[in-house]
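Okay, structure first, notes after.
All values derive from a computational prediction rather than experimental measurement.
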Amino acid sequence: MPNAKDAEQPIYQNILVVGPTGAGKTTQIRTLSGKVFAFLFDPNALASLQGADVEYEEWLPEATEIDTTIKGFNKGSKSDRPSSAKEPRLYIDFVESATKKAEEGFFDAYDWICLDSMTFLQKAMFDRNAYINNRYGKVEELSDYRIVGSKLSDLFRSFTSERKNIYVTGHITSWQDETTKKLSTELQVAGSAKTMIPLLFTNIWLARAASTEKEKKYEIQTRPETRGLQCIRSQVANLDMYEDVTIQDFDNPNKYGIGKILNLTL
């Protein structure tokens, strides 16, 4: 019978790096060792990776897919002209493409599969969900959050089950309870995904910019504090609370950042 004391460290890492815009989440993809493939949903992602040895696909909505009309919500409110937006297919086309890639062994050639970012992928899911329910362009309802959260969890259950190193970026959001006035920080994901997605990743790190006027610096937080994001976790042993992940030499990015941490400890 297997004994846990004989178990080796996991061969594959599922890493989720979250934080505000400008915290260096996407740029850390440059530091990953081996052959890297990235699904890019963030319209700014390619600018952060330009010049890096990273193969990628961009998944961005066509301009005509986006419903930009203003929607009235008060009783008796007026409506803008009917929307001329095309059917939003970004999410469903991505799922079909990624499934086909997995079935054909496309990912076998890569050491890392990246997705940047979960936030924009989720937005594509909201668009698709609203469209098939004849509510495209309208404000999301509670039922939309339940459906999208459940499907986002299912998607990442499948994604992280691939026997590959996975790197995903996401964002955080803060809110204050109106009754207790307690300030909470959570992953910017819908519904049940808030609790399910953290269970799927071996490492969840919070990225932040720590630059000063004289120094450019980026860090990741590897374990939670009393306040703030509580789902931070680290399977990598012996990390400091805050690890410097600044890339000092973009010609040799593997010597810095998350890539360096993994190369030294795994």
Side-chain angles (χ1 to χ4, degrees), residues 10-19 23 25-26 28-29 32 36-42 45 54 56-61 88-103 105-108 110-129 132 140 143-173 185-207 220 222 224 229-236 258 262:
I11 299 174
Y12 301 106
Q13 292 289 330
N14 296 330
I15 297 177
L16 174 61
V17 178
V18 298
K25 303 180 296 295
T26 305
Q28 287 299 312
I29 293 175
L32 303 177
V36 180
F37 178 84
F39 292 109
L40 305 181
F41 291 86
D42 189 322
V54 175
Y56 68 92
E57 285 183 355
E58 275 194 298
W59 288 89
L60 306 177
R89 289 194 54 85
L90 192 151
Y91 169 67
I92 195 66
D93 287 345
F94 163 69
V95 171
E96 292 175 355
S97 176
T99 300
K100 184 178 180 181
K101 283 181 170 62
E103 292 173 346
F106 173 84
F107 300 120
D108 294 347
Y110 297 93
D111 299 292
W112 284 92
I113 309 300
C114 305
L115 191 149
D116 184 86
S117 68
M118 187 186 298
T119 309
F120 281 94
L121 170 59
Q122 178 176 254
K123 178 55 182 171
M125 296 174 72
F126 272 116
D127 289 345
R128 185 66 186 175
N129 179 66
I132 63 177
E140 290 88 0
S143 59
D144 299 324
Y145 283 85
R146 288 198 296 263
I147 293 170
V148 170
S150 176
K151 291 295 105 180
L152 188 66
S153 297
D154 290 344
L155 177 64
F156 276 94
R157 284 176 61 199
S158 175
F159 191 51
T160 55
S161 67
E162 288 287 328
R163 295 187 63 80
K164 289 290 176 183
N165 295 303
I166 304 296
Y167 181 94
V168 178
T169 68
H171 294 81
I172 55 176
T173 183
T185 301
E186 298 177 336
L187 299 182
Q188 194 171 322
V189 291
S192 61
K194 282 187 171 65
T195 55
M196 178 58 69
I197 284 182
L199 302 177
L200 301 174
F201 288 87
T202 55
N203 299 283
I204 302 175
W205 294 328
L206 177 62
I220 56 168
T222 64
L229 187 66
Q230 294 300 297
C231 66
I232 300 172
R233 63 188 298 186
S234 184
Q235 183 274 327
V236 178
I258 289 174
L262 297 175

For the student: nearest non-hydrogen atoms of Ile204 and Cys231, plus distance: CD1-O, 3.5 Å
From CA spacing to verdict: side chain to side chain contact (heavy atoms under 4.5 Å, CB included), Leu16, Phe156: CA-CA 11 Å; Leu16 174 61; Phe156 276 94; over 6 Å; no
Distance in Å, Asp42 CG paired with Leu60 CG, rounded so as to fall on 0.5 Å steps: 8.5 Å
Interatomic distance, Asn203 atom CG to Ile166 atom CD1 [nearest 0.5 angstrom]: 13.0 Å
Note, Leu90 side chain near Asp127 side chain (heavy atom, < 4.5 Å): no
Partner set under side-chain hydrogen bond (donor to acceptor under 3.5 Å, both in side chains) for Asp144, not counting sequence neighbours: Asn129, Arg135
Sequence-distant partners of Thr222, side chain to side chain contact (heavy atoms under 4.5 Å, CB included), two or more places apart: Trp205, Ile220, Ser234, Leu239, Glu243
Minimum-distance pair of heavy atoms, taken over all atoms of Leu200 and Ser153: CD1-O, 4.1 Å
Check against side chain to side chain contact (heavy atoms under 4.5 Å, CB included), Phe201 and Gln235: CA-CA 9 Å; Phe201 288 87; Gln235 183 274 327; over 6 Å; no
Shortest non-hydrogen separation from Ala193 to Gly149 and the atoms involved: CB-O, 3.6 Å
For the student: nearest non-hydrogen atoms of Gln13 and Thr202, plus distance: OE1-OG1, 2.9 Å
Residue pair Lys101 / Glu57, side-chain heavy-atom distance below 4.5 Å: yes
Beyond-backbone contact of Pro61 with Lys123, side-chain heavy atoms, under 4.5 angstrom: no
Shortest non-hydrogen contact between Ala102 and Phe107, atoms and distance: N-CE1, 3.7 Å
Parallel, tilted or perpendicular: rings of Phe41 and Phe94 (30°, 60°): perpendicular
Between CE on residue Met125 and CG on residue Leu152, distance to nearest 0.5 Å: 5.0 Å
From CA spacing to verdict: side chain to side chain contact (heavy atoms under 4.5 Å, CB included), Phe159, Ile113: CA-CA 9 Å; Phe159 191 51; Ile113 309 300; 3.7 Å; yes
Val18 side chain near Met118 side chain, heavy-atom distance below 4.5 Å: no
Candidate pair Tyr91 and Trp59, rule side chain to side chain contact (heavy atoms under 4.5 Å, CB included), full reasoning: CA-CA 9 Å; Tyr91 169 67; Trp59 288 89; over 6 Å; no
Contacts of type salt bridge (Lys or Arg N to Asp or Glu O under 4.0 Å), residue Arg233, not counting sequence neighbours: none
CG-OG1 distance between Leu206 and Thr185, expressed to the nearest 0.5 angstrom: 8.5 Å
Donor-acceptor pair, side chain of Gln28 and main chain of Ile258, under 3.5 angstrom: yes
By salt bridge (Lys or Arg N to Asp or Glu O under 4.0 Å) - contacts of Glu58 (at least two apart): none
From Lys151 atom NZ to Arg146 atom CZ, the distance as rounded to the nearest 0.5 Å: 14.5 Å
Pairwise side-chain contact, Ile197 with Val168, heavy-atom cut-off 4.5 Å (strictly under): no
Partners passing side chain to side chain contact (heavy atoms under 4.5 Å, CB included) against Ser150 (at least two apart in sequence or in another chain): Asp154, Ser192
Pairs meeting criterion side-chain hydrogen bond (donor to acceptor under 3.5 Å, both in side chains) with involvement of residues 160-171, two or more places apart: Asp116-Thr169, Thr119-His171
Aromatic plane relationship, Tyr110 with Phe106 - under 30° parallel, 30 to 60° tilted, over 60° perpendicular: tilted
Within 6.0 angstrom of Tyr56 OH, more than 12 heavy atoms from elsewhere: no
Inter-residue atom distance Met196.CE - Leu187.CG, 0.5 Å rounding: 13.5 Å
Taking every non-hydrogen atom, the tightest pair across Ala38 and Val54: CB-CG1, 4.0 Å
